[in-house]
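Since we're looking at a predicted model, the values are computed, not measured. Throughout, protein chains are lettered first and strands after them, A, B, ... in sequence-line order, and every chain is numbered starting at 1.
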2 protein chains.
Amino acid sequence: MAENIDKYELILLSSRKLIEEIGFSALTMDKVAQKAGIAKGTVYLYFKDKNELLEKVLEQGFERMFERIKSKVNTQKGHVEKLRVLIAENINHIYENRYFFKTIFLDEVNVVFLKKKSQESFNLRRKKYTDFIGEIIKSGIESGEFRHDLNPTKVGYMLVSLIKTNAIYNFLNNKPEFTEEMIKSDSEEIFNLLIYGISKH
Amino acid sequence: MAENIDKYELILLSSRKLIEEIGFSALTMDKVAQKAGIAKGTVYLYFKDKNELLEKVLEQGFERMFERIKSKVNTQKGHVEKLRVLIAENINHIYENRYFFKTIFLDEVNVVFLKKKSQESFNLRRKKYTDFIGEIIKSGIESGEFRHDLNPTKVGYMLVSLIKTNAIYNFLNNKPEFTEEMIKSDSEEIFNLLIYGISKH
DNA sequence: AATTATAATGACTTTAAAGTCATAATTCAA
DNA sequence: TTGAATTATGACTTTAAAGTCATTATAATT
């Protein structure tokens, strides 16, 4: 394992790789230590317990995704365009980290192993993202582009879940290789569903 | 505990109640036995192991929901009406079993504790439902009501996830009491989102 | 180079819950 | 009404993984 990153990051990275390889449920502290090429006791010098380690892995994953999407979205002016870019960038991120998300979404849809407190921070992270989307929806309503009877935050939740479900669908029907092409058409599909629904208009 | 239902059902029922009360992660075979008022060994006479027990609980839960929704949907003729009824009936079911679903959806979004094989049957159950919806979408496309570029099964996945997300949203913002009123407006909200999207049309 | 401080080790301890099985109670069949 | 078959019991065994800590290695300080 690389020598020039500090142990904290090394442990996070090793955990993340392990999660991709064997899933959450099979992850043990012994395996984390082995993967990082250090002793188990060392892991406990950097992380209070397993729960804290897992939480940091998830937190780091979320922050990276959120920052990336946010900066891309902020290059756009119109609300509709913001949404289009958000969807594409989110799908892109999932694609680029597909093994991680495959575990997150499928192997274990859940966070059984996290303590109540961690579950709360999980929900807070989701809220951060859905609120961000909610703001876009809100200005779209004010500008008259979107229906006035919408609950912006709720639409945020809905969009996030559409993107997630799209990924789950692809994982389950194991699309052999994700391609630029596919990302583009998936983005458009979700975009159209969100904006226009399924009816002929 | 009631004497006139057989032990198998008694154990299933007790497990289900426990899941509602303490969640999946805290569920132990000792607690199940205690809740059912029988010895732990007895539980193992009716279920091979914990995994089998949990799987049966989920399976029974799904079958009940699916049968209920299916029979209601089949009273309708038009595809649009079928979808409207499906959404309402699903939300209703979640409402009536809200403590169970709160655990399923929130406390532990997942199935970490289930063996690979059980996860597969979990996915099969979901597929059964999304395919059912997919069929409705398909005939709606053929009759020209819905866009022709839709992937019916995928729309099935999307709708299921919208319904689920709606419930999660309500749980997280703990709407104090679900009311007839709320179920109706939630149904309409999802229906409109699915059929027309968020744009002004 | 010696001393102190910091970091790392991994064998060991603890914990928690799954799963077992000899024994006991109950039901059934003649 | 007794003996065989079935069902139930719960103390005990097993398992698996989290977490600890006395000991050792490395780095920093004088």
Side-chain angles (χ1 to χ4, degrees), chain A residues 1-19 21-58 103 107-108 110-119, chain B residues 1-19 21-58 103 107-108 110-119:
Chain A
M1 278 271 140
E3 268 309 321
N4 52 344
I5 53 175
D6 74 43
K7 286 256 158 64
Y8 185 90
E9 287 299 327
L10 171 66
I11 295 167
L12 278 184
L13 182 65
S14 307
S15 304
R16 193 183 157 99
K17 277 185 185 163
L18 261 180
I19 289 166
E21 289 168 16
I22 62 174
F24 276 107
S25 47
L27 188 103
T28 68
M29 295 302 258
D30 285 281
K31 285 178 187 164
V32 168
Q34 194 188 27
K35 185 85 180 178
I38 58 180
K40 182 154 70 150
T42 309
V43 177
Y44 284 90
L45 294 178
Y46 294 88
F47 298 89
K48 190 172 121 270
D49 55 23
K50 189 184 179 185
N51 191 67
E52 183 176 301
L53 170 58
L54 290 176
E55 201 182 321
K56 295 292 181 203
V57 170
L58 291 175
T103 286
D107 271 13
E108 23 265 309
N110 237 324
V111 275
V112 161
F113 46 88
L114 292 178
K115 292 181 186 157
K116 272 280 170 296
K117 213 180 150 191
S118 306
Q119 289 180 28
Chain B
M1 277 270 141
E3 268 307 322
N4 53 346
I5 52 175
D6 72 44
K7 288 254 158 65
Y8 184 90
E9 287 300 325
L10 171 66
I11 295 167
L12 277 184
L13 181 65
S14 307
S15 303
R16 193 183 159 101
K17 277 185 185 163
L18 262 179
I19 289 167
E21 288 167 16
I22 63 176
F24 276 107
S25 47
L27 187 102
T28 68
M29 295 302 259
D30 285 280
K31 286 178 187 162
V32 168
Q34 194 187 27
K35 186 84 178 176
I38 59 180
K40 181 154 71 150
T42 309
V43 177
Y44 283 91
L45 294 178
Y46 293 87
F47 297 90
K48 188 171 123 271
D49 55 23
K50 189 185 179 185
N51 190 67
E52 183 177 301
L53 170 59
L54 291 175
E55 201 182 320
K56 294 294 179 202
V57 170
L58 291 175
T103 286
D107 272 12
E108 22 265 309
N110 235 328
V111 273
V112 161
F113 46 87
L114 291 179
K115 294 182 185 156
K116 273 278 170 297
K117 212 180 150 191
S118 305
Q119 289 182 29

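- With hydrogens and angles ignored, the 3.5 Å screen pairs a side-chain donor or acceptor of B:Lys31 with a backbone N or O of B:Ala26.
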Next on the checklist: Show, in sequence, the C-alpha distance, side-chain angles and deciding distance for B:Leu58 and B:Phe24, and conclude whether the side-chain contact (heavy atoms from CB on, under 4.5 Å) test is met.
Outcome noted: CA-CA 11 Å; B:Leu58 291 175; B:Phe24 276 107; 3.9 Å; yes
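- Rounded to whole Å, the distance from CD on A:Glu52 to P on D:dG19 is 11 Å.
- The interatomic distance linking B:Met29 (CE) with C:dA17 (P) rounds to 13 Å, in whole Å.
- Considering only residues two or more places apart in sequence or on other chains, B:Phe47 meets the side-chain contact (heavy atoms from CB on, under 4.5 Å) condition with B:Tyr8, B:Ile11, B:Leu12, B:Glu52, B:Leu53, B:Lys56.
- Put simply, A:Tyr46 has a side-chain N or O that comes within less than 4.0 Å of OP1 or OP2 on C:dA8.
- Taking atom CZ on A:Phe47 and atom C1' on C:dA8, their separation rounds to 16 Å, with Å as the unit.
- For A:Gln34, there are no side chain to side chain donor-acceptor pair (under 3.5 Å) partners two or more places apart in sequence or in a different chain.
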Filtered N/O pairs between nucleotides 9-14 of chain D and protein, under 3.5 Å:
residue: D:dT9; atom: OP2; partner: B:Ala39; partner atom: N; Å: 2.9
residue: D:dT9; atom: OP2; partner: B:Thr42; partner atom: OG1; Å: 2.6

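- Rounded to whole Å, the distance from OH on A:Tyr44 to P on D:dT20 is 7 Å.
- Protein atom CG of B:Leu27 is 12 Å distant from nucleotide atom C1' of C:dA18, rounded to whole Å.
- Distance, A:Lys48 NZ to D:dG19 P: 9 Å, rounded to whole Å.
- In this structure, the CG atom of A:Leu54 is 12 Å from the C1' atom of D:dA18, given to the nearest Å.
- Put simply, CZ on A:Phe24 is 17 Å from C1' on D:dA17, counting in whole angstrom units.
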Checklist entry - Going through the checks in order, is the side-chain contact (heavy atoms from CB on, under 4.5 Å) test met by A:Leu13 and A:Glu9? => result CA-CA 6 Å; A:Leu13 182 65; A:Glu9 287 299 327; 6.0 Å; no
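- For the side-chain contact (heavy atoms from CB on, under 4.5 Å) test, residues two or more places apart in sequence or in another chain that qualify with B:Lys40 are B:Met29, B:Asp30, B:Ala33, B:Tyr44.
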